[in-house]
Amino acid sequence: MSTLFDLTPENPFDGPTQPKNRELLADLNQAQRDAVTHVGGQLLVVAGAGSGKTRVLTRRIAYLLAERKVHPGQVMAITFTNKAAAEMRERVVELVGRRANAMWVSTFHAMCVRILRREAKVLADVLAGSSGVTSNFSIYDADDSRRLINLVARDLDIDPKRYPPRGLAAQISNWKNELMTPLDAKAAAASDAERKAADVYPEYQRRLEQANAFDFDDLIMRTVELLRASPDVSEYYRRRFRHVLVDEYQDTNHAQYVLVRELSGTERTESGTEPAELCVVGDADQSIYAFRGATIRNIEEFERDYPRAHTILLEQNYRSTQTILSAANAVIARNSGRRDKRLWTDSGEGEAIVGYVADNEHDEAAFVAGEIDALVDDAAAGFKYSDVAVFYRTNNQSRVFEEIFIRLGLPYRVVGGVRFYERREVRDALAYLRVLANPQDTVSLRRILNVPKRGIGDRAEAAVASYAERERISFSDALRVAATSGSEVGLAARSANAIARFVELMNELGKLVEADEPPADILEAVLERTGYRAQLDESDDPQDATRLENLTELVTVAREFGEMPEAFQTEADAVAAAEDAEAAGVDEPEQATLAAFLERVALVADTDSIPDADGDAEDDADDSDDDAGVVTLMTVHTAKGLEYPVVFGTGWEEGVFPHQRTFGKDDELAEERRLAYVAITRARRRFYVSRALVRSAWGQPMYNPASRFLDEIPAELVEWRREEPTNGATSGGLPRAATTWGRGGGFGNDSAQARLAAGGMRSTSFSGWKDDWKKTAALELAVGDRVNHDKYGLGTVVSTDGSGPRATATIDFGTSGTVKLMLMGSVPMVKL
DNA sequence: CCCAGTAACATTTTT
DNA sequence: TGTTACTGGG
């Protein structure tokens, strides 16, 4: 059975593929081959899940280079993630060799940054509202831009209660995604909230310009504006890139759509440049980012916008069993107005989908954990932990899984949530670097002005801000005035002195930048000289210890970046960057280095570290005792593009998945359904679906009926391991039943939870734990205690957290690693 | 200026 | 229920 999967030519992660040029087409099906070899005009490849879309893209590029003698420098491939870009480049290099490195393969955003930095001079001349922009501009992420919007809204006396900054930010972002200027927005604003946002928008843009900064949306929008405003620039890129390829096309928003159109062109230019060959690959059924501005319209109307476009459908799936595909097909078929597409495979029916109805979320987690245990134990099945993924709709659902996985000692990893570069200490440190690279960066400057505390309080900051406003100078310049003549700005001597010391500090650090010190050294200096590290060192808050570690990690990242840039940017990037810098007249390498590091950090998400099905995650410097890897937990959204032999789809309940918020909104419900489709189609061999009759939502027990998506899976495909009890209180499906189930603490003894409790596993009942935990002797541990754990062996308690049923201890088990364990109930561990 | 208490909030999030 | 952001007292 498993050989069926191993032998499929498709899974691009499997096995070495090194076809010679002639063999670029050998292992492709007809549709794939057509897509690879198609010549001319625009090509739309509608690639169903698992149909080998990445393979088609990479082969097409390889084919262009090897067979059609296209120069690599003429190829631009655009993706959404750095990971996808790196992967694509790597595979093309595997196919045709290193010269492929001369291609531009990058994300939309990275590509735009590259163009904007390169053309900064033109930009300042040509574009209204960009005269303050230089090539060392900062990139503001969502958090930065929200801060700035917050400042602007406050200045405009907008009530943050009625018009929360995040709402304003979202609205402005939407407008930018639609390429709407502040004027357009003003004209279009229909509601009160929109009018407020339209008031904020122009001022926000002004402040961005003043800060020499672009937000994420600007990167795209301003590039479009640049291409439109400057025929020379536009012509340059059109001539240069004769082949434009776009991955995940269904996720493009309007601005990105126009960007691609501007880059590739629709007709011959005056100077005789023909439109580039444009190849876009996507799947409307996997469009799950409409809430961020992605519009299916781009794919659905591709043919209308490009009347001569050719379309190719990839429907043969090389990933999943027919059972899984049939389920996915049946669910997605309920969406109206879609292009009919039915995935199929010749690899056989496979196992039935397994369904489970749990009493509550803890029972559901117990079922999942138990099942994973069984799958991995079953040597004949041959599954490793790393073959398994657990999906949920919202991040907060990960908690129960973590709890039980910890209790049972199942190795796991949660992907998503708070990301490294979003941690406060990391952002603080980076803010220093950004100010050093770009002193006009007001948001970063104000962020670190009094971090660590140095006596520049809110009042002083406000005084400087209003002085800057009054004199129409930047905050940074105002700060310098305040440092020399505090009274001019209206400051007490004490504040002025504090500011003077701060300015002096930044000047000192600035010398390091000018001296072309490597980013890591500058960062070290920042951490030392600002007292940031010292402050954390002195703290006895255990969280601060983690913060220190994160900062050390950041230094390491910077160090690696400085020492071997090839680990971060490819050789071609380096060459092109140098070339670009030269073209732009940027001949200050020290700027380039720090700026390059910051750019990297700004445009990189750390989803890049998702452990893949082979279990060798990039930054998995882990302590795993065996090579079985870890179970991966994540939201369905982050699962897009991935695949696992075994997938657990959890929380398939009305109100959870589909989410409550989407009720009554057809378009959003359709997107939820696509999300369900994505979830199912991630599975290669086994798919599990589960739901809980009762789930605590914000402290209150909620009774949730089965998800409509569950009902849409043909019944004959599902083998129910446990169904909803038909007797008793729950049959009515009324909220009052929730009380019965939620409060009763009882569960049928066929539940996974009950089995777990009865089966001698180290567990007490979950729903009754509030009453029970006191009876069960919880292990009382203190820092420094030595313990012996059945699974991990000898260890030392590093820290403890929580109390009562939530008590946990972080224990260093030496070679077995450091593990966080719950102490409630009978842990398989004794205190020595 | 700092912290602690509390009110308000609670999809999804490639960049 | 758990977290985060703000406010007011010390």
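Reminder, nothing fancy here: chain letters follow the sequence lines and each chain counts from 1. Note that the coordinates shown come from a computational prediction; the quantities given were computed from them, not determined experimentally.
Look at the P atom in both B/dT13 and C/dT4: the space between them is 16 Å, to the nearest Å. Nucleotides C/dC6 and B/dT11 place their C1' atoms 24 Å apart, quoted to the nearest Å.
Nearest-nucleotide positions on DNA chain B for A/Lys640 and A/Gly457 put A/Gly457 closer to the 5' end.
Among the atoms of the strands shown, only primed sugar atoms or phosphate atoms (P, OP1, OP2) are found under 4.0 Å from some heavy atom of A/Asp458. Residue A/Ile456 is classed as a sugar-phosphate contact, given heavy-atom separations below 4.0 Å to backbone atoms only. Contact annotation for A/Tyr289: base contact, defined as any heavy-atom pair under 4.0 Å involving a base atom.
Applying the salt bridge (Lys or Arg N to Asp or Glu O under 4.0 Å) criterion to A/Glu225, with sequence neighbours excluded, gives A/Arg222. Not counting sequence neighbours, the partners of A/Phe108 by the ring pair (Phe, Tyr, Trp, His ring centres under 6.0 Å) test are A/Phe80. For the ring pair (Phe, Tyr, Trp, His ring centres under 6.0 Å) test, residues two or more places apart in sequence or in another chain that qualify with A/Phe214 are A/Phe137. For A/His637, the ring pair (Phe, Tyr, Trp, His ring centres under 6.0 Å) criterion is met by A/Tyr289, A/Phe291, not counting sequence neighbours. For A/Glu90, the salt bridge (Lys or Arg N to Asp or Glu O under 4.0 Å) criterion is met by no residue, not counting sequence neighbours.
For A/Phe709 and A/Phe657, the gap between ring centers is short of 6.0 Å.
In this structure, the CD atom of A/Glu403 is 13 Å from the P atom of C/dT1, given to the nearest Å. With rounding to whole Å, A/Arg419 atom CZ is found 7 Å from B/dT13 atom C1'. Per the geometry, CZ belonging to A/Arg146 stands 16 Å off P belonging to B/dT13, to the nearest Å. A/Glu422 places its CD atom 15 Å from the C1' atom of C/dT4, with the value rounded to the nearest Å.
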Atom pairs, protein N/O to nucleotides 2-11 of chain B N/O, distance under 3.5 Å:
unit_1 : atom_1 : unit_2   : atom_2 : d
B/dA10 : N3     : A/Trp698 : NE1    : 3.4
B/dT11 : OP1    : A/Arg661 : NE     : 3.4
B/dT11 : OP1    : A/Arg661 : NH2    : 2.6

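Against the 90° criterion about 0, the sugar-base torsion of B/dT12 places it in the anti range.
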